[in-house]
There are 2 protein chains.
Amino acid sequence: MLPEHARAHNRALVLQHLFHEGPTSRADLARATSLTRVTISDLVNVLLAEGLVEELGVQPGRRVGKPAILVGMRTDAYQIVAVDLSDDAVMRGAVMTLTGEAVVRRSLPVAGQVGDELVGLLTRFARTLISAATRPVIGVGVGSPGVVDDSGRVIEAPNRQWTDLPLAAILTDRLALPVHVANDANSAALGEYTYGGAADSMLVLTVGQGVGAGVMVDGSRVHGAVDAAGELGHVTVVDDGELCACGRRGCLETVLAAPALRRAVAGLDPAAADEALAGVGRTLGTALAPVVGALNLGEVLLSGPADLLDGALRTAALQTLTDRTMPATAVGLRLRMATLDEDVVLAGAAVLVLAAQLGVS
Amino acid sequence: MLPEHARAHNRALVLQHLFHEGPTSRADLARATSLTRVTISDLVNVLLAEGLVEELGVQPGRRVGKPAILVGMRTDAYQIVAVDLSDDAVMRGAVMTLTGEAVVRRSLPVAGQVGDELVGLLTRFARTLISAATRPVIGVGVGSPGVVDDSGRVIEAPNRQWTDLPLAAILTDRLALPVHVANDANSAALGEYTYGGAADSMLVLTVGQGVGAGVMVDGSRVHGAVDAAGELGHVTVVDDGELCACGRRGCLETVLAAPALRRAVAGLDPAAADEALAGVGRTLGTALAPVVGALNLGEVLLSGPADLLDGALRTAALQTLTDRTMPATAVGLRLRMATLDEDVVLAGAAVLVLAAQLGVS
DNA sequence: GAGAGCTAGTTAAGACGCTGTACTAACAAA
DNA sequence: TTTGTTAGTACAGCGTCTTAACTAGCTCTC
């Protein structure tokens, strides 16, 4: 570690504070970071020159002494391009502000392309988005299904026919911009953590065609022994259950994926449907209990169709979770819907860029 | 972050390398840390002056160029005092080398003392150990039951009647040495990680009077939302099971704790005993599957009586775990006995000190 | 066996980043 | 107007790293 890394770290501290706490005076930044006012002034001057922050006039609160000048992050000065590959059939993308708001949205049908062809399609799609940006783009984030390592190499994504593909490196080269790739469910967790105000220790379950999970532990993303963390969808939860796409039986995905839930409630009257959903909720709660107990998670978030998830299912899952874990761990536990909905993965992809390029998350 | 923090980090890098890789030349240290030879020489000189490292003569391998001088960590130059409070009835302690070997062992019956009285007893016990040390002591590590926060404050340890007790701060003050306190099962995980060669992502289950767990994720200890990570012993695993000490029913502890296992096999012939143990193993595997899937753990370690754990129970648990998780996550998974046995908690307590004082873990 | 070539380690000078101290600027209260 | 307080800046100094250039000590080659 070099002194200049310390500099980068301090710079990130300042940006992080401005990002989460909003406009702040140099003196307050100094107090918050426990650096001196001199150092902060220096850092702020650099950031001003880069256009990343701006002075916003005098702080309203009138106290004795010279009034403080507020410094704020220019979250609209730069943009991020984010791509969500979680859907088989369509590539979704957006140009986003640094605060995770989509400025431009695009989507592109994936007509069965896989392998290198899909990489080509993705490259063109990203180029379209980059040229649609109205501000300089600081980087590109991609949420992809499959196992993705820390460097953005897709170890394995069977449905895309990608194996050991250095996607981030390829795209960085082709787009001449920093590109970061992560698993889609992990992206979702990052998105909820940074933009959705989720707890430091939490798990996001993404329910769609399949079931994925992203885990944050003590404020950082879990990677796992072979970068395959979050494969909760293919944990067996029903003995001798339905056949799963993975070839095994009774995976969580076979009862919790959106199609499975729709089938389970099809043609039932509301009360019976709720009972069916509650049953799935209890199964989910039983599966989550050991995870919550072992990690002392503060929150579990559900992302997916609210009409199916946010009702009897959620209530039953929380009840089961509370029943099956220690009071000490269960007492503060929340089980709620994710706040970002459709855009979770895009937001998370943006956070990948934000974290890597500016040190903010 | 200041330049001197970068310095401390680099110093820790050097020590970490010497600790795990053994004696190394300055030039090789430079290559390993990607610092320059100049910087490494400077750091090594400081460490030589402190007596933490020593020169060990010329490297045997004959190559061209000036022969390299090996620099090695003097793991016997300093000692660590470690205390294990996990047993209700007896306080176990040791003076340890930096490599985790117990040089002196002591134990002290705890005649029902609790609360402040127990703190007093612990203080005296630690003093005895400190004076039994044959080298300068760099710090004291304590593995305590209950919920312990990052600063060494015992949030809650019912059996010891400790609530919100700043144990590390009190002992640091009384002993005039750095004292670090952590939960006993978390200590065990640290011990196995550093001295037992465990994987970066792993879980240690401590089976004794009760059942505890410590989790390492991507090389760091899991703390959890309210510092209560690892409470796997009180996750429900049997519906309408036996009554547990915690007042609930069917906790993992009711089937996996050592007394429960002994009861389960009492009076059975070997084959029947194995079947009973395999049943517990299957229950354990079922409970662990979601944890292993969500975190992509590389290893699960069992610490406790080998005659009960290391047989049908372990085999059945591994089989169940493999059956109930995705092949991708299960393929590299190991489920084995912990290597440190009796001394796990002591070793972990030593690691607390090693990590905090020297940056080694 | 003498020089060439290589590697280990040291010395010296310079760049960078933070701090402490001392300053100016701009306000409120007396 | 004076005093006290807080915000922000200028400057010297220290700590830490790097590069460049050296010495030391070995092997290989002719």
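Here is the naming used below: chain letters follow the sequence lines, and residue numbers restart at 1 for every chain.
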query = Listed by chain and number, what are the side-chain contact (heavy atoms from CB on, under 4.5 Å) partners of A:Ala12, not counting sequence neighbours?
reply = none
ask   = Of all of residues 18-29 of chain A, which get a heavy atom below 4.0 angstrom from DNA chain C, listed by number?
value = none
request  = Whole angstrom is fine here: how far is it from CZ in B:Arg31 over to C1' in C:dG9?
outcome  = 12 Å
message = Is A:Ser41 close enough to D:dT9 that one of its side-chain N or O atoms is under 4.0 Å from OP1 or OP2 there?
response = yes
request  = Could you name each residue pair satisfying salt bridge (Lys or Arg N to Asp or Glu O under 4.0 Å) that touches residues 164-183 of chain B, not counting sequence neighbours?
outcome  = B:Arg153-B:Asp164
request  = Output yes when a side-chain donor or acceptor of B:His17 lies under 3.5 Å from a complementary backbone atom of B:Val14, and no otherwise.
outcome  = no
Side chain to side chain, A:Leu129 and A:Val137, heavy atoms closer than 4.5 Å = no
ask   = Just how large is the angle between the end axes of the helix from C:dG1-D:dC30 to C:dA30-D:dT1, five pairs per end, to 10 degrees?
value = 10°
query = Quick one: side-chain contact (heavy atoms from CB on, under 4.5 Å) partners of A:Ala199, sequence neighbours excluded?
reply = A:Glu299, A:Arg334
key: salt bridge (Lys or Arg N to Asp or Glu O under 4.0 Å) contacts touching residues 188-197 of chain A (sequence neighbours left out)   = none
task = Take B:His180 and B:Val140 through the test side-chain contact (heavy atoms from CB on, under 4.5 Å) and record every step on the way to the result.
result = CA-CA 6 Å; B:His180 303 277; B:Val140 179; over 6 Å; no
note = A:Asp42 meets the salt bridge (charged side-chain N to carboxylate O under 4.0 Å, His left out) criterion, sequence neighbours left out, with A:Arg7
query = Is there side-chain contact between A:Ile80 and A:Val351, with heavy atoms separated by less than 4.5 Å?
reply = no
task = Using a cut-off of strictly less than 4.0 Å, decide whether B:Arg63 has a side-chain nitrogen or oxygen near OP1 or OP2 of C:dA8.
result = yes
query = In residues 47-60 of chain B, which residues come under 4.0 Å of DNA chain C by heavy atom?
reply = none
request  = Could you list the residues that satisfy side-chain contact (heavy atoms from CB on, under 4.5 Å) with A:Ser220, not counting sequence neighbours?
outcome  = none
request  = Kindly indicate, with the supporting measurements, whether the criterion side-chain hydrogen bond (donor to acceptor under 3.5 Å, both in side chains) is fulfilled by B:Thr97 and B:Gln79.
outcome  = CA-CA 5 Å; B:Thr97 66; B:Gln79 292 176 335; over 6 Å; no
Integer-rounded Å distance: C:dT10 P and B:Ile69 CD1 = 7 Å
message = Please enumerate all residues that pass salt bridge (charged side-chain N to carboxylate O under 4.0 Å, His left out) together with A:Arg31, with sequence neighbours excluded.
response = A:Asp28
ask   = Taking protein heavy atoms under 4.0 Å as touching, what does nucleotides 15-25 of chain C look like 5' to 3' if B marks base contact, S marks sugar-phosphate-only contact and - marks none?
value = --SSBBB---B
Under the side-chain contact (heavy atoms from CB on, under 4.5 Å) test, residues paired with A:Ala30 that sit two or more places apart = A:Arg37, A:Ile40
